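Structure first, commentary second.
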Amino acid sequence: MPDASVDVVVVGGGPVGMLLAVELALRGVRPVVLERLSTPSGESKAGTLHARTAQILNRRGLLDAVGRSTYGSVRFHFSGMFELDLGTVAGEGPTLVGSPQAWAEQVFADLATESGAEIRRGHEVAGLAQDARRVTLTVDGPAGPYELTARYVVGADGARSAVRRLAGIPFTGTEARVAALMGEVRLLDPLPGGWHRTSRGWLMVWGGYGHSRIGTYDFRGPHPDREAPVTLKELRSTVEHIAGRPVRMAEPRMLTRYGDAALQAETYRLGRVLVAGDAAHVHFPWGGQGLNTGLEDAVNLGWKLAAQVGGWAPDGLLDSYHDERHPVAARVLWNVRAQTALADPDPRIDPLRELFADLMRLDQVNDYLGSMISGTGTIYDVGHPGAGRLVPDIELKTPGGVVTLVELLRSGRPLFLGDRDDLVHVAARWAQRVDTVRVSCDPVLVRPDGYSAWSAPGDASTLETALHRWFGEPGQAADTR
């Protein structure tokens, strides 16, 4: 009798869950995706992909499909101060990609389905139990409750993750102090577009003809009832409080509330249960970092979980998902808390904001903050000096012609690049899992997510150590299920 009916269940059909399904299917794992909503909401709470996310999606051939890219100099903000130029830290590819969340989600969902993933909409997880061999989910589906067993379950089901709660993974940090509202209305009194800080809070206005999108940050305290539906009266009252004058509005839609709680799962893996995206980390939306962090979670986890399912993962590979991604999200929460503190509307904070804005005009500060917001400063500890960075795209002259690194990574397989005979000989022993491309370049071992696992200077012995660490034993069958 098999230990589980499926290899992997991904709970949550948002962009993170769907991209993870794509990454798994790329490596022969056909996941089941459970999504609570019977149809996609079509709502896009996020719409910006930063440079590092764009670079990673380009390595899967997905960049052009998810949105419109902007290259070069782009003014961006830290705590609502638009003094950063993200173009100076973007590196290769676009600086920003305009990508409505709902659009990216559909792109990933379509590809996941084409690749063999099974997407079940209208299925909500109500129970979870795990032992040494499997995870058993109790699911409420359209035809009634049923049980589903899997070798692994990934919760990508948002800030209120049922998977995280049922698995008993602690979610800790700082609770909300700021009440935020968001929605679309038809403005009957004009409001200037853009970001506006008054002595009573923040007002953000996007739009033109027809409906405008309105956001408010109210520093008087958190929402008394986080679950209460937002009314037009409440939104209008908050807008008028912050603006300091009457503002008539009508025809509300997609009204929602949230706060500035900054919370993170204490572990991203508990046995056979893992969490990603908002299920692993939530924070205020300064800089649009949340979706980007979640998508990068998915790409980091996908190849490692597939290796675990395939039976060839070396000891510690799956745990390295937490080791690498938990610090990245912790740093995001840290900078978001700093932005919220700077955003306090109390006039006593004004000199601090003025000083901070001056500092942001310095190149060093711009690069420090810009690489943090855009994700281009991400470096993993991979156990080899100088490695752990995203390997930049380069043109490679091969016997078959010129090819780019990005194109070689579309298959999702790791790569060894170089032409030193001793190194090529070592890498060739892992040919079932690592592609060797003999080219004249500084030798480098590239993981499926595009980050280097080993690089020069280094000898054959250290390369062999890196290959063992990340890709298991040489000559082992690619799938021992």
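Keep in mind that the numbers below use all heavy atoms, side chains included, and drop hydrogens, waters and symmetry copies. Values in this document were obtained by computation on a predicted structure and should not be read as measured data.
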Would you tell me whether [X] and [Y] have side-chain atoms, one donor and one acceptor, within less than 3.5 Å of each other?
X      : Y      : value
Asn292 : Glu296 : no
Tyr268 : Arg164 : no
Ser5   : Thr149 : yes
Ser161 : Asp278 : no

Keeping the roles fixed (side chain from [X], backbone from [Y]), state whether a donor-acceptor pair exists under 3.5 Å.
X      : Y      : result
Arg272 : Arg151 : yes
Arg27  : Gly412 : yes
Arg353 : Leu342 : yes
Arg30  : Ala25  : yes
Asn58  : Leu63  : no
Thr198 : Ala243 : no

Over 12 foreign heavy atoms within 6.0 Å of [atom1], [X]:
X      : atom1 : answer
Asp381 : CG    : no
Asp346 : CG    : yes
Arg389 : CZ    : no
Glu251 : CD    : yes
Arg245 : CZ    : yes
Arg361 : CZ    : yes
Arg75  : CZ    : yes
Asp64  : CG    : no

What is the minimum heavy-atom distance between [X] and [Y], and which atoms define it?
X      : Y      : value
Ser99  : Val66  : OG-O, 2.7 Å
Ala179 : His223 : CB-CE1, 3.4 Å
Leu255 : Pro252 : CD1-CB, 3.7 Å
Ala250 : Leu188 : CB-CD1, 4.2 Å
Met182 : Gly215 : SD-CA, 4.0 Å
Leu20  : Ala298 : CD1-O, 3.7 Å

Are the side chains of [Y] and [X] in contact, using a 4.5 Å heavy-atom criterion?
X      : Y      : value
Glu124 : Val139 : no
Gln106 : Trp103 : no
Glu354 : Asp358 : no
Glu118 : Val6   : no
Pro448 : Pro414 : yes

* **With Phe78, the ring-ring contact (aromatic ring centres under 6.0 Å, His included) member among Trp286, Tyr368, Phe356** => Phe356
* Leu148 vs Leu34, side chain to side chain contact (heavy atoms under 4.5 Å, CB included): CA-CA, chis, key distance, verdict -> CA-CA 11 Å; Leu148 178 62; Leu34 303 180; 4.2 Å; yes
* Could you tell me whether Arg59 and Glu92 make a salt bridge, using a distance below 4.0 angstrom between a side-chain N and a carboxylate O? => yes
* Asked: Are Asp350 and Arg197 within salt-bridge range, i.e. N to O under 4.0 Å?
  -> yes
* Asked: Between Asn335 and Gln289, is a side chain to side chain donor-acceptor pair (under 3.5 Å) present by the stated rule, with each step listed?
  -> CA-CA 10 Å; Asn335 85 61; Gln289 298 174 82; 3.0 Å; yes
* Asked: How long is the span from the CG atom in Leu111 to the CG atom in Leu19, to the nearest 0.5 Å?
  -> 9.0 Å
* **Spacing of Tyr152 atom OH and Leu24 atom CG [to the nearest 0.5 Å]** => 12.5 Å
* Would you please classify the geometry between the Tyr217 ring and the Trp202 ring as parallel, tilted or perpendicular, with 30° and 60° separating the classes? => tilted
* Is the Tyr451 ring parallel, tilted or perpendicular to the Tyr380 ring (thresholds 30°, 60°)? -> tilted
* **side chain to side chain donor-acceptor pair (under 3.5 Å) between Thr174 and Arg337, worked out** => CA-CA 9 Å; Thr174 55; Arg337 289 188 183 106; 3.2 Å; yes
* Run the numbers on Phe284 and Gln339 for side chain to side chain contact (heavy atoms under 4.5 Å, CB included), then give the verdict. => CA-CA 9 Å; Phe284 223 35; Gln339 293 188 68; over 6 Å; no
* Cation-pi, Tyr321 ring and Arg269 (6.0 angstrom, 45 degrees) -> no
